[in-house]
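Structure, as structure tokens:
In what follows, residues are counted from 1 in the order of the sequence shown.
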Amino acid sequence: PAALSADAQVLMRYRFAEPRVADIRVYDLDGVLCKSLANNILLGSEGIFAWHGTDDAGEVVFPGMYVVSIQAFSLHGDVYSKSFAVGVLP
């Protein structure tokens with residue numbers, strides 16, 4: 001299979017009641033970490049983040065399904081965890 005073009009991206013919107021500190025990671029279907037989009041980054045109460053279809057080495061990933069995992073911690077100690085699949089098309 002061919003790799004993605006360099007301008008491909010996946011946009012994801014979030015909305016929380018208050019700002020949170022988050023970790024956002026992308027895994028392949030084998031559970032291997034492909035990309036760390038955020039490591040303990042402070043997110044506002046709403047916004048958009050993007051994955052440009054590259055791994056942590058900057059290499060373009062192959063088309064297929066990937067899992068985005070978000071853990072967001074409020075300043076009061078609440079934890080929001082969610083994982084969802086995204087499809088990357090050629």
Side-chain angles (χ1 to χ4, degrees):
L4 291 174
S5 66
D7 60 349
Q9 64 181 343
V10 176
L11 297 175
M12 294 160 270
R13 174 172 286 189
Y14 65 88
R15 181 179 294 160
F16 298 114
E18 61 186 339
R20 292 180 176 255
V21 175
D23 296 325
I24 305 168
R25 296 186 171 86
V26 180
Y27 297 89
D28 67 17
L29 290 182
D30 291 325
V32 177
L33 178 65
C34 294
K35 180 77 171 186
S36 292
L37 295 173
N39 290 310
N40 293 320
I41 191 169
L42 180 60
L43 298 177
S45 56
E46 65 181 86
I48 296 173
F49 60 92
W51 175 42
H52 297 281
T54 59
D55 61 17
D56 277 333
E59 299 294 321
V60 177
V61 300
F62 288 97
M65 296 301 292
Y66 293 84
V67 176
V68 177
S69 175
I70 301 170
Q71 285 194 314
F73 307 89
S74 78
L75 302 178
H76 304 290
D78 305 346
V79 179
Y80 170 86
S81 292
K82 182 159 184 129
S83 294
F84 54 92
V86 296
V88 177
L89 302 174

Can you measure from CZ (R20) to CD (Q71) and round to the nearest 0.5 angstrom? 11.5 Å
Just wondering, do H52 and V60 contact through their side chains at under 4.5 Å, heavy atoms? no
In terms of heavy-atom contacts, D30 and D28 come closest through N-OD1, 2.9 Å
Can you spot which of V61, V86, V68, V88 makes a side chain to side chain contact (heavy atoms under 4.5 Å, CB included) with V26? V68
Let me confirm one number: the CD-CG distance from E18 to L43, rounded to the nearest 0.5 Å. 12.0 Å
Flag yes if Y14 and Y66 sit in one hydrophobic cluster, no otherwise; membership is Ile, Leu, Val, Met, Phe, Trp, Tyr, and two members link when side-chain heavy atoms are under 4.5 Å apart. yes
Nearest heavy-atom contact between A50 and L11 is CB-CD2, 3.5 Å
F16 reachable from I24 in the ILVMFWY side-chain graph, under 4.5 Å edges: yes
Heavy-atom pair of closest approach, residues K35 and T54: CD-O, 3.4 Å
Would you say Y80 and V21 are hydrophobically clustered, going by side-chain heavy atoms of ILVMFWY under 4.5 Å? no
In this structure, are over 12 heavy atoms from other groups packed under 6.0 Å from L33 atom CG? yes
If hydrophobic clusters are built by linking Ile, Leu, Val, Met, Phe, Trp and Tyr wherever their side-chain heavy atoms come under 4.5 Å apart, do F49 and V10 end up in the same one? yes
Do M65 and V67 sit in the same hydrophobic cluster, where Ile, Leu, Val, Met, Phe, Trp and Tyr count as joined when their side-chain heavy atoms come under 4.5 Å apart? yes
Measuring from atom CG of N40 to atom CG of D23, what distance do you get when rounded to the nearest 0.5 angstrom? 5.0 Å
I need the R25 CZ to S36 OG distance, nearest 0.5 Å. 5.0 Å
